[in-house]
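Working notes, structure below.
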Number of protein chains: 4
Amino acid sequence: MAHHGNRHGRSEEARRAVLRAADDLLVEKGFAGVTIEGIAAAAGVAKQTIYRWWGSKTDILLDTFLEDAARDLASQEHGTLAEDLRAYLRQLADFLTGNDAGAVFRALIGHAQHDAVFAETLRTHYLDEQRQRDRAPLDRAIARGELPKDLDIPAAVDMLVGPVYHRVLMTGDPVDDAFIGEVVEHFVKR
Amino acid sequence: MAHHGNRHGRSEEARRAVLRAADDLLVEKGFAGVTIEGIAAAAGVAKQTIYRWWGSKTDILLDTFLEDAARDLASQEHGTLAEDLRAYLRQLADFLTGNDAGAVFRALIGHAQHDAVFAETLRTHYLDEQRQRDRAPLDRAIARGELPKDLDIPAAVDMLVGPVYHRVLMTGDPVDDAFIGEVVEHFVKR
Amino acid sequence: MAHHGNRHGRSEEARRAVLRAADDLLVEKGFAGVTIEGIAAAAGVAKQTIYRWWGSKTDILLDTFLEDAARDLASQEHGTLAEDLRAYLRQLADFLTGNDAGAVFRALIGHAQHDAVFAETLRTHYLDEQRQRDRAPLDRAIARGELPKDLDIPAAVDMLVGPVYHRVLMTGDPVDDAFIGEVVEHFVKR
Amino acid sequence: MAHHGNRHGRSEEARRAVLRAADDLLVEKGFAGVTIEGIAAAAGVAKQTIYRWWGSKTDILLDTFLEDAARDLASQEHGTLAEDLRAYLRQLADFLTGNDAGAVFRALIGHAQHDAVFAETLRTHYLDEQRQRDRAPLDRAIARGELPKDLDIPAAVDMLVGPVYHRVLMTGDPVDDAFIGEVVEHFVKR
DNA sequence: ACTTAAACGAGACGGTACGTCGTGTCTTGCG
DNA sequence: CGCAAGACACGACGTACCGTCTCGTTTAAGT
């Protein structure tokens, strides 16, 4: 390990080690296995260093998560509403159910149910952007004239992604292409 | 307090006190404020008595929850699919966002994201019945000929309740009648 | 097992089983391994039956012990003071250091250091008789004229048995015949 | 309270508070009243801090005891064997029967009867030094020519202190000057 | 180069809760 | 009416983490 502190600003090395350790612990041992002490030990970092930069273990996981989300959920254009939606929902479902980012997402959304303050944090740092991503295919379709200008976009978003979240968070049913197809087909045929 | 144990099994008195205490603590202090020690103290019960009959605090909350769910989610018939669905989704949304049963629900579904074993328990003890309740309006509509016999019921259920769960668990947006109306209208107009 | 209670008095069977179980547990697992629950389980007896007849685990051990002590410490006459003393101290040392009665004795005398009430119980039920046994050789010697009539018998007893107890309870040194010989010789040569 | 831990090892403040609390509890409530929880509460210390430095409550009491023993049992020279012995046995008896160090001693020697591992610890940390103190008057007498060079010192020590321990640990009889006088007189007149 | 101050690894501290064990009390139904 | 069975309230156990607090070291910016 290189340096042990310096006068101006935090150690990027320590930051990466913490994020990495938190992620690893979550995947290996589950949410209950993620502890500040465990992260500190695994990252070779002092607890105080963690407390200096983060407020809780979920703050750490959120940091990890945000990087992944921006990378994995970039919307791609496919020309038609149906194609756009199918591609986006596929991408979203894969993200939410994935072993890495998905596991972190489920941990965070689970914790948000237990902690209203964190729920607000999550909304500010993630959900607001996420809703932009969710509506992007609809915005494009409106621009193309495929959808009416007065569409209730938030409601439409809920109707599209809601079924996916329901399977991921509640039932555990697989989100296969057939299901996505039904959802999209039903939405488009309006 | 009357008796302190007998050979014919558990004390109903203690059981009720524990469920009540767990519920109260959840509402007053949130999920983190629900501890076995706290429940025991509030219920006037020994920790060992809790561990004798429940495996964890979420098992206790699940017990509380199951009684409420059966009571509050009984499906009522209103004659038409649209009316049935509107009534049911309204009832469901009220249940999920409520201060009592809703709080317990959100705690449980949140914990299920953190603990795969508990997720399975929750599925077995709650979700399987819940899906029967969710599909009841559709089953009746099929019987009446309002919906085709070959409808993909699970997918249809996801499209109906998914948007509600998305608002409750993710966005925190209110589930008002207008929204329910849109969801139902969109579903029925197929 | 024969009966489960009867209308006329306690079960001798249960009593023997309890004493035996307590003794066995002490030898196998040491004093900390002797618990009322353990005794009850090992004896196939209900805890309540134990509490009905004994006040504590040391009371049970005391019961066991008293039977052994009366049997193993009966004084024998050998004709001369020196021989009598040598024989008695040998017998005493063997008793105190033995694996069965000795273990119980050490447990009891140990507990007496921790509990003044039990110390008094032990004095009443054991020590008073024991002192009679201790002084018997001296009484006989006085009767034979080998020792003066005005001998301070309690002090003399302390000087004879004290060294033995010191080795048993404090130092753990072996109480061999040579040592007993020295003690007796020194006492007799007065 | 000032500091709460630092990298240079333990808090002397916490250590003193624990020893003091253990001692106080023993005197006030007896051995059974000495619990780790009680000590921690009385000392204003966390249980973990106790477990970090001591293995059991008897280890704590032993620590207390060792400081007292070294202080209170220093041998003093009085010129003759008889005087030396009388003074030393008086000092020893006072120490063993005292309300402070004596109570701790009796608790420890009692526990040693219940726990062979602790008995060994007690021997290593206390008894070995104590035997040096016990024999000091005899060593001096041999140096002065008052006692033969080939004296069996361990046996002689047992004969001198054994009667005292017998009274303290077994009979509870008072160890008065008359008794000490008899023991010494009998020993010296050889 | 020399001082200085922030960030660091380390780890002891006062706490809270955990899940377990044993206590002594009770209630029930059998023999 | 004594007994086996066993549930109960209680208290302590020893452990795991929490978040806070020194401590002495490392490092780069500002003398």
Side-chain angles (χ1 to χ4, degrees), chain A residues 1-11 13-14 32 34-41 43-53 55-57, chain B residues 1-11 13-14 32 34-38 40-41 43-53 55-57, chain C residues 1-11 13-14 32 34-38 40-41 43-53 55-57, chain D residues 1-11 13-14 32 35-38 40-41 43-53 55-57:
Chain A
M1 175 81 44
H3 83 147
H4 281 228
N6 67 62
R7 177 168 189 176
H8 301 289
R10 71 195 288 187
S11 159
E13 215 166 345
V34 181
T35 64
I36 300 285
E37 299 222 322
I39 294 169
V45 144
K47 281 165 66 180
Q48 187 56 51
T49 298
I50 296 180
Y51 284 110
R52 190 158 20 234
W53 303 110
S56 65
K57 67 178 185 176
Chain B
M1 180 153 309
H3 90 146
H4 285 227
N6 64 60
R7 88 174 286 188
H8 303 299
R10 69 197 291 187
S11 158
E13 216 164 343
V34 181
T35 64
I36 300 286
E37 299 224 320
V45 141
K47 278 165 67 179
Q48 186 55 53
T49 298
I50 296 180
Y51 284 111
R52 188 157 23 234
W53 304 111
S56 64
K57 68 179 185 175
Chain C
M1 175 78 45
H3 81 150
H4 281 229
N6 69 60
R7 199 162 172 166
H8 305 290
R10 79 193 280 190
S11 160
E13 215 165 346
V34 181
T35 65
I36 299 286
E37 299 220 321
V45 144
K47 280 164 66 180
Q48 187 56 50
T49 299
I50 296 179
Y51 283 111
R52 190 154 25 231
W53 304 110
S56 66
K57 67 179 186 175
Chain D
M1 182 152 313
H3 90 147
H4 285 226
N6 64 60
R7 83 175 293 188
H8 305 298
R10 70 196 292 187
S11 158
E13 217 166 342
T35 65
I36 300 285
E37 298 223 320
V45 143
K47 279 165 67 180
Q48 188 55 53
T49 298
I50 297 181
Y51 284 111
R52 188 153 31 229
W53 304 112
S56 66
K57 67 178 185 175

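So you know, we letter chains A, B, ... as the sequences are listed, proteins then strands, and number each from 1. Please read all numbers here as calculations on a predicted model, not as lab measurements. The figures here come from the full heavy-atom set of this structure, side chains too, leaving out hydrogens, waters and symmetry mates.
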Are A:S11 and E:dA7 close enough that a side-chain N or O sits under 4.0 Å from OP1 or OP2? no
Closer to the 5' end of DNA chain F via nearest nucleotide, is it D:G55 or C:V45? C:V45
Check the distance between E:dG11's C1' and A:I50's CD1 and give it to me in whole angstrom. 14 Å
Heavy-atom closest contact (A:S11 atom, A:A14 atom, distance): OG-N, 2.9 Å
Choosing from E:dG19, F:dA4, E:dG14, which nucleotide comes nearest the side chain of D:A46? E:dG14
Which nucleotide in F:dC8, E:dT25, E:dA7 has an atom nearest any side-chain atom of B:W53: F:dC8
Taking CD from D:E37 and C1' from E:dT16, how many angstroms apart are they, rounded to a whole number? 11 Å
Nearest to the side chain of B:Q48, heavy atoms from C-beta on, is which of F:dC10, F:dC8, F:dT15? F:dC10
Would you kindly give the OH-to-C1' distance between A:Y51 and E:dG11, to the nearest whole Å? 14 Å
Any side-chain N or O of C:T49 less than 4.0 Å from the OP1 or OP2 oxygen of F:dA4? yes
Phosphate OP1/OP2 of E:dC8: any A:R52 side-chain N/O under 4.0 Å: yes
A:I36 CD1 - E:dG9 P separation (whole Å): 14 Å
What is the separation between atom CZ on B:R10 and atom P on E:dT28, rounded to the nearest whole Å? 18 Å
Atom of D:A46, atom of D:A40 and distance for their closest heavy-atom approach: C-CB, 4.3 Å
Round to the nearest Å and state the distance from D:K47 atom NZ to E:dA12 atom C1'. 18 Å
One should read off an interatomic distance between A:K47 NZ and A:T49 OG1, to the nearest 0.5 angstrom, of 12.0 Å
Taking atom CD1 of A:I36 and atom NZ of A:K57, what is their separation to the nearest 0.5 Å? 8.0 Å
